[in-house]
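So the structure is just underneath, and the comments pick up after that.
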2 protein chains.
Amino acid sequence: MAKAKRTLKWQRDPEGMRLRILEAAKQEFSAHGLAGARVDRIAAKAGANKRMLYYHVGNKDELYLAVLEGAYDKIRSEERGLDLEHLDPPEAIRRLIEFTWNYFLRNPEFLSLLQTENLARAKHLKRSTKVKSMHSPFVEMIRTVVRRGVESGDFQVAVDPVQLYISIAGLCFFYLSNSATLSVIFGRDLLAKDAKDERLAHMAGLVLAALTGRSEELLKIVKAPKSRAAVAQTV
Amino acid sequence: MAKAKRTLKWQRDPEGMRLRILEAAKQEFSAHGLAGARVDRIAAKAGANKRMLYYHVGNKDELYLAVLEGAYDKIRSEERGLDLEHLDPPEAIRRLIEFTWNYFLRNPEFLSLLQTENLARAKHLKRSTKVKSMHSPFVEMIRTVVRRGVESGDFQVAVDPVQLYISIAGLCFFYLSNSATLSVIFGRDLLAKDAKDERLAHMAGLVLAALTGRSEELLKIVKAPKSRAAVAQTV
DNA sequence: ACAGTATTTATCCAACGGGTTAATTTCTCC
DNA sequence: GGAGAAATTAACCCGTTGGATAAATACTGT
């Protein structure tokens with residue numbers, strides 16, 4: 001309180017430091033991959049000395065794993081916040097797709113980290129008992145929604161929830177994580193607002209059309225208040 | 001011919017050497033990414049001296065781009081070999097999915113290279129006029145097939161061929177390129193024969209159900225002569 | 001105020017890694 | 001059979017990088 005606040009060479013803040021290190025590491029690993037990441041850059045970005053990384057977290061590999069676990073922890077936690085109970089089945093599936101899409105959009109580092117880890121054939125993830133125990137609630141959510149949909153007559157078939165989960169993730173993931181190369185190949189910016197709206201509409205339409213048997217879903221615009229995205233071209 | 005075949009310290013074979021270098025580089029880059037790849041390892045794997053890489057191809061970046069261009073060249077060439085003209089539309093789409101799936105399965109390095117390049121936000125690909133001009137024939141093939149399908153009544157809607165192309169690629173790509181992390185998370189081997197069969201069936205079913213409006217497609221087994229893959233679970 | 005501990009800094013280093021230089025060997029063509 | 005070009009090798013260069021050491025600084029309890 002009254003203690004003189006004389007200018008210190010540095011402030012002590014172990015928790016804050018640890019968080020800043022992990023955040024900086026997330027940036028660095030997602031931007032450059034594991035091998036491309038530079039420990040010095042992480043330190044600099046965290047406003048810390050390089051030695052701090054080793055003091056607070058561990059060596060490069062442990063740092064990377066900590067970042068990865070944090071990323072999984074975050075998405076699982078947000079996933080649990082999605083309540084589909086009170087929605088009718090088609091709307092529930094739509095929400096699920098929208099959530100996945102928006103989460104990936106809002107957290108591009110998560111996509112990069114996944115790519116990096118898969119490039120390493122999940123070598124690090126395998127060592128993480130923590131992540132192994134963090135099951136996505138989505139599989140069970142999908143199972144429930146699909147069951148309700150079949151019972152209500154909205155859905156025609158009881159599709160395997162794991163397959164559907166992977167499909168939804170895949171439709172979103174591929175477009176976003178590969179948007180750079182795809183944009184080059186198609187010669188247009190796939191991350192432009194219109195392109196993203198069009199994509200979301202297509203994905204929701206595809207899945208819902210398959211489940212409901214009403215192909216018209218494929219032509220509907222999901223949520224495009226003003227943008228007149230061309231979802232389907234004229235034949 | 002009659003020339004004495006005295007033991008030489010090395011043989012001359014510029015073309016073969018170049019190919020061996022590119023093949024070794026493909027292995028290395030796909031296994032370790034760009035930053036993780038080691039020039040020395042590439043040289044060793046190619047049975048060459050490190051200096052040869054620079055002599056025949058260029059520095060690490062040029063080597064990487066050459067590999068990437070080669071990979072695109074190869075898939076485009078195989079894609080062109082797919083003839084869908086004489087097939088009825090649903091079967092044509094099925095073939096398209098099967099081809100994509102099998103190509104990715106047979107060429108895992110292609111998936112890795114794509115991941116690596118996207119991690120680099122297509123920095124290298126953008127410099128390649130070569131790749132930019134190599135358009136996939138699939139988009140036009142899909143456009144034609146969809147048009148035929150709508151005309152014949154097989155398909156209910158004229159979906160955008162670009163979106164469908166990305167969706168098919170995405171369904172296959174995500175499962176395979178992320179099989180490592182997904183396998184850890186689900187606690188089972190997604191690359192096991194049964195799992196792969198089940199996945200192919202699901203993907204084809206999903207897309208065809210959406211296009212035809214016949215959701216039962218989602219339950220069909222595509223090509224599972226003996227494997228009794230459970231495509232859908234009981235409700 | 002003092003001792004002991006937790007946190008942070010400054011500096012160093014051995015290994016590594018991409019790239020280069022220069023010499024050596026094979027080929028080709030006259 | 002020899003000159004010049006092409007292909008290949010061996011050895012080295014030098015900035016970078018992950019990690020380590022040791023000292024300095026702040027905090028805590030007594």
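Chain letters run A, B, ... following the sequence lines, proteins first and then strands; every chain starts at 1. Quick caveat: nothing in here was measured; it's all calculated off a predicted structure.
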**Report entry** Integer-rounded Å distance: C/dT9 C1' and A/Lys50 NZ
**Finding:** 13 Å

**Report entry** Candidate nucleotides D/dG18, D/dT8, C/dT7, ranked by approach to the side chain of B/Met17 - the nearest
**Finding:** D/dT8

Report task. Give one of base, sugar-phosphate or nothing for B/Ala43, where a contact means two heavy atoms less than 4.0 Å apart. Result -> nothing

Report summary line: Rounded to whole Å, OH of B/Tyr54 lies from P of C/dT21 at a distance of 13 Å

Query raised in the report: Quick one: is C/dT20 close enough that its OP1 or OP2 comes under 4.0 Å of any side-chain N or O from B/Arg51?
Result: no

Query raised in the report: What is the distance from CG of A/Asn59 to C1' of D/dT17, rounded to the nearest Å?
Result: 14 Å

Requested in this report: Flag the pair A/Glu78 and A/Arg106 as a salt bridge only when some basic side-chain nitrogen lies within less than 4.0 angstrom of an acidic carboxylate oxygen.
Outcome: yes

Query raised in the report: Between B/Tyr175 and B/Trp101, what is the ring plane arrangement, given parallel below 30°, perpendicular above 60°, and tilted in between?
Result: tilted

Query - Rounded distance in Å - CZ (A/Arg18) to C1' (C/dT8) - result: 17 Å

Query raised in the report: Hey, does the side chain of A/His56 come within less than 4.0 Å of C/dT8's phosphate (OP1/OP2), counting only N and O?
Result: yes

Query raised in the report: In terms of side-chain heavy atoms of B/Asn49, which of D/dT9, C/dA6, C/dG19 is nearest?
Result: D/dT9

Query raised in the report: Hey, does B/Ala37 reach any base, or is it just sugar-phosphate, or nothing, if we go heavy atoms under 4.0 Å?
Result: sugar-phosphate

**Report entry** Whole angstrom value for the distance that separates P of D/dC12 from CG of B/Asp40
**Finding:** 16 Å

**Report entry** Distance in angstrom units between B/Phe29 CZ and C/dG17 C1', rounded
**Finding:** 13 Å

Report task. Let me see the working for A/Leu63 and A/Ile21 under side-chain contact (heavy atoms from CB on, under 4.5 Å), right down to the final yes or no. Result -> CA-CA 9 Å; A/Leu63 197 51; A/Ile21 288 173; 3.9 Å; yes

Query - Residue pair A/Met203 / A/Arg199, side-chain heavy-atom distance below 4.5 Å - result: yes

Report task. Could you check how far CZ of B/Arg20 sits from C1' of D/dT8, rounded to whole Å? Result -> 11 Å

Report summary line: Atom CZ of A/Arg38 and atom C1' of C/dG17 are separated, to the nearest Å, by 10 Å

Query raised in the report: Salt bridge or not for A/Lys26 and A/Glu23, using N-O below 4.0 Å?
Result: yes

Requested in this report: Would you indicate which nucleotide in C/dG18, C/dT7, D/dT8 comes nearest to any side-chain atom of A/Met52?
Outcome: C/dT7

Report task. Give a yes or no on whether a donor-acceptor pair under 3.5 Å exists between the nucleobase atoms of D/dG19, that is its base, and the side chain of A/Lys60. Result -> no

